[in-house]
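Note: hydrogens, waters and symmetry copies are ignored here, and every other heavy atom, side chains too, is used. Model, not experiment: these values are computed from the prediction.
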Amino acid sequence: METTFGMINHVLPRSFVDGPGNRAVVFVQGCNFHCLYCHNPFTINFCSDCGICVQACPQGALRMENGRVTWDRNRCVECDTCIKTCPSFSSPRVSRYTPQALWAELAPLQAFISGVSISGGEVSLQLPFITAFFEQVKWHSRLTTLIETNGYAGPQAYLPLLPVLDMAMVDLKAGDDQTHERLTGKPLAPVLETIQFLHAQGKLYAVQQVIAPGFTEDKDSMLQTAQLLAGIDPGIRLRLLRFRPHGTSGAAAEWPSPSDESMENLMDVARACGLTQVERSL
Amino acid sequence: MEKKTLAVPFHEFENFTEGLTPGMAAMFKQSVADTIHDRSLIYEQKRDALAGMAAAALPYPPMSDEAAELLESGILCILGEGPAHFYPRYAAPDYARLLQNGSAFLELKPAGDLMEATASLLTAYKYFPCEALPVFIGRLDELLEPYIDSLPEDLARKVLRSFWLLVDRLNPSGFVHADLGPAESKAGRMLLEVDRELQTITNLTLRYDPQVTPRQFALQAVGNALEVTKPYFLNHPAMLKDWGEDYVIASCYNAMRLRGGIYTLVRLNLKRAAEYSGDDPERFLDETLPRIGKYWAEIIESRSRYIIEDARWFEDNFWVDEGYLQQDKFSAYAGVFALAEAANHFSQANGKAEARYGWDAGANALAARITDRVHEILEANPIPACAGTGGRACFHAQVGITSDLDTTPAVRVPSGQEPELYQHILTEAPTHRWIMGGVSTILEFDQTAAANPAAVLDIIDGAHHAGIRNLSIGSATSEFVRVTGYLVRRADLEAHQAEKALRHSSAALGAGVMENNPNHLHRITRKV
């Protein structure tokens, strides 16, 4: 049988904001969206092994081996010089994992967590690996599995994953096609199909939306989002995430964060559309 | 006989062998006068301090020269008990018996409803037989559940609210302790609600067993802990294994037998003992600790016998006569502190100063071996007075007081130096193994926890699974600060520092700890 590999940016051993309970979070590398406000843009592109960062690394933590950039995590001090130097704003600190190796890294955390969440990057670009990894999780433990996806791959792509998937959080970047394209460069329709599909399968844990000034931080935008979701099921959990400039690049780094008041007002708008589970980040 | 003085006496005029001597009379008078004139103490606090001074005029119960030397050097110490403590340090009366049978001495009838039950309890607390404070006020949910439906629900809640307010106002101290769980009950749920609402400093423990405690009740308790830094989450299955059903938690986090108590707490300063031993950890484990163990037991036995035989505490005592306390359930604590400094001492002595407890596998393993060895030496030195724990001293991890400088409470990693959360838990868990008399690990969470209490419960479950016996859960933004083992409010600390009189005598102790270890107030917040 062919072994699948996952390209993993990093593993967070605990998170209180990536699904129910305490969860380990695996961040995969690579994304098919280019959101203007991306909070971790270094997870978008893959490393091309050009080697420019090898020279730049002040710690000598990067080396060229057989035409590939390799990273020594013990020497690395996470100064991010490599990411800043990279022509494609990628990261050489990405590791190739087999499903078994990734499980071996997470297994010692089992007693402390409810489950494993996979975020990114975009998980739908590595679904065969994620399916094989979740099979490991389900075989070895009682942990729950969750993906955080942009939904763009469309329903068919997620089918093989369903038997080992407990929950999905889907990003709905905007409730109208125009804003969605403006923000992400991609159309909205496949995302909505994915939300409907995962909900029908009983796997939709939440829909998330970043509230960003000039895009989603207004009443009309929230009306569209909330009406779309309420039309599917008013019980769908909607989580509003406050835009934060931290980690962003380009123009977004200058955008202000929405105020508490603005966030509360948008929650009220969503509730007025009939949604019964509206939450927000801090 | 040569006059002996203590390394750190509780009162300056204390004298080892003779008690108050004519030569020390002036100092004694001065202490009395200073207490009378102290404007930061209210009348009750002055009265209790003066009583302590009077008792401190007596000499220590007899002990060998070797035991006395260990006390003089500060390797062993007695925590504020005075030379000749004439009553047990802690007691855990069986209040259920009092509610069921009534009390002839207190002229109380068997309780018929919730109002009578709470009135009887408040009366009993007033006559608590040690300290000026009821350090154990009962397994309150079990005690009150039989009466909770005697009143309509809103009235029952009002009565509980007023009861809980009076517990604090009449016994204002973070050392007053109630137990809840492991089962859920209406009374338990209401007490958690009332405690969260009133925000008093009365201490609480949830005896938590994931097989017995319903998840919803546990989550309610997590929500409270993030808001008011209590209840403690006690690993009930681990405690059951050591104690069986009849144990309680009193004072800070101190375990003892129900209907029993603790005569005395004699502390071993592991830092000082390690320094005294030299550079070789094997010598410390194989020679120093066993040698100390012998005299540790001697001091504990001598102090316990003084209470039993000289002060005759169990005689003419209605708590005993009416069956709320039983002598054969009493024991005494052998407490340790500064385990971190002991482990670090041997790293430093062997040229590996960076190999610190909490961060280095070798230092962590040595720390666990030290607690294993202390357990062995306690087992090897019988103390007949400690009938409640099989004729051996009960192993306790002691959290320390104001005067403990340069030492970390109990077996903890120093505050502010903890490694990441899981590693912190896995470092301290093995040291909890034998410490059945009380120990705890403090975990503090950031604001994301309040929106996801299930995540905190996951970590509690993981920690208990790893062997942690007891957890203090709190939030970095809470008004309540867990000082070593008891709670103080930030507002009270600030008032104490401004020398205002306070109801809470524990705030004065807390303020000292804060001044010496400012990290207690400004704990480094972990990102979770």
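Interface remark: B:Leu219 contributes no atoms to any contact with chain A (heavy atom separation under 4.5 Å). Heavy atoms closer than 4.5 Å to chain B are found in both the backbone and the side chain of A:Pro13. Neither the backbone nor the side chain of B:Leu457 comes within less than 4.5 Å of any heavy atom of chain A.
Within the 4.5 Å cutoff, no side-chain heavy atoms of A:Phe112 are placed close to those of B:Asp461. Counting heavy atoms from C-beta outward, B:Thr448 and A:Leu282 have side chains that approach closer than 4.5 Å.
Taking CZ of A:Arg23 as the start and CG of B:Asp458 as the end, the distance is 9.0 Å to the nearest 0.5 Å.
In this structure, B:His465 places its NE2 atom where only 12 or fewer heavy-atom neighbours from other residues, nucleotides or ligands lie under 6.0 Å away. For B:Glu354, the CD atom counts as densely surrounded, since its 6.0 Å shell holds more than 12 non-hydrogen atoms of other residues, nucleotides or ligands. Counting heavy-atom neighbours within 6.0 Å of A:Gln59 CD, excluding the residue itself, gives a total above 12.
Considering every non-hydrogen atom in both A:Phe16 and B:Asn452, the closest pair reads O-ND2, 2.8 Å.
Across A:Leu12, A:Asn22, A:Ile113, the residue that shares the most heavy-atom pairs under 4.5 angstrom with chain B is A:Asn22.
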